[in-house]
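Here, residue 1 is the first one in the sequence, and each next residue gets the next number. Values below: every heavy atom of this structure, side chains too, minus hydrogens, waters and symmetry copies.
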Amino acid sequence: VHSTDAAFAFFMIQIGLRVEKLMIAILDHERLSDQTRCCLTGSIEWIDDWLRGPSKAMWLIDNWIQEAEDELSTDKLRHGNLATLGVLHTYRAVSYTHLTLPTKRIV
């Protein structure tokens, strides 16, 4: 992952995860009207699709994972950039840790 856009992409993913976590926490509140609950559920589904859909944020991370796995060391003896892979797999795992609602996609 040597893209100059990586920092911005990770920032946007973090914002998406935080907003999703907040919406899930609000949804757990007992005093929500049915209309508000329905609106929040629709918004959570939308953000879930943005974060974890096949052509969205996780697609970008999956591509970077593949890129890091295929990377050769400078001496051409080893495959895989372990430091980068660790960060990328962490982002992938963190994107599922706070979910309490069923999601359409399984890793």
I need the [X] [atom1] to [Y] [atom2] distance, nearest 0.5 Å.
X   : Y   : atom1 : atom2 : answer
E20 : E45 : CD    : CD    : 11.0 Å
T41 : D34 : OG1   : CG    : 10.0 Å
D28 : R37 : CG    : CZ    : 8.0 Å
I26 : S43 : CD1   : OG    : 10.0 Å
L40 : I47 : CG    : CD1   : 11.5 Å

Taking only residues two or more places apart in sequence or in another chain, which ones pass side-chain hydrogen bond (donor to acceptor under 3.5 Å, both in side chains) with [X]?
X   : result
N63 : none
S33 : T36
Q66 : D70

Heavy-atom side-chain contact between D62 and R92 under 4.5 Å: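 A side-chain contact exists here, since the closest heavy-atom pair is under 4.5 Å.
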Beyond-backbone contact of V19 with M23, side-chain heavy atoms, under 4.5 angstrom: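 They are in side-chain contact.
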Centroid-centroid distance, W64 to F10, less than 6.0 Å: yes
Minimum heavy-atom distance I65-L85, with the two atoms named: O-CD2, 3.6 Å
Atom of Q14, atom of Y91 and distance for their closest heavy-atom approach: NE2-OH, 2.9 Å
Side chain to side chain contact (heavy atoms under 4.5 Å, CB included) between E71 and T84, worked out: CA-CA 10 Å; E71 189 174 316; T84 301; 5.6 Å; no
Given I13, V87, L51, the one that forms side-chain contact (heavy atoms from CB on, under 4.5 Å) with I61: I13
Parallel, tilted or perpendicular: rings of F8 and F11 (30°, 60°):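 If you compare the ring of F11 with that of F8, the planes turn out tilted.
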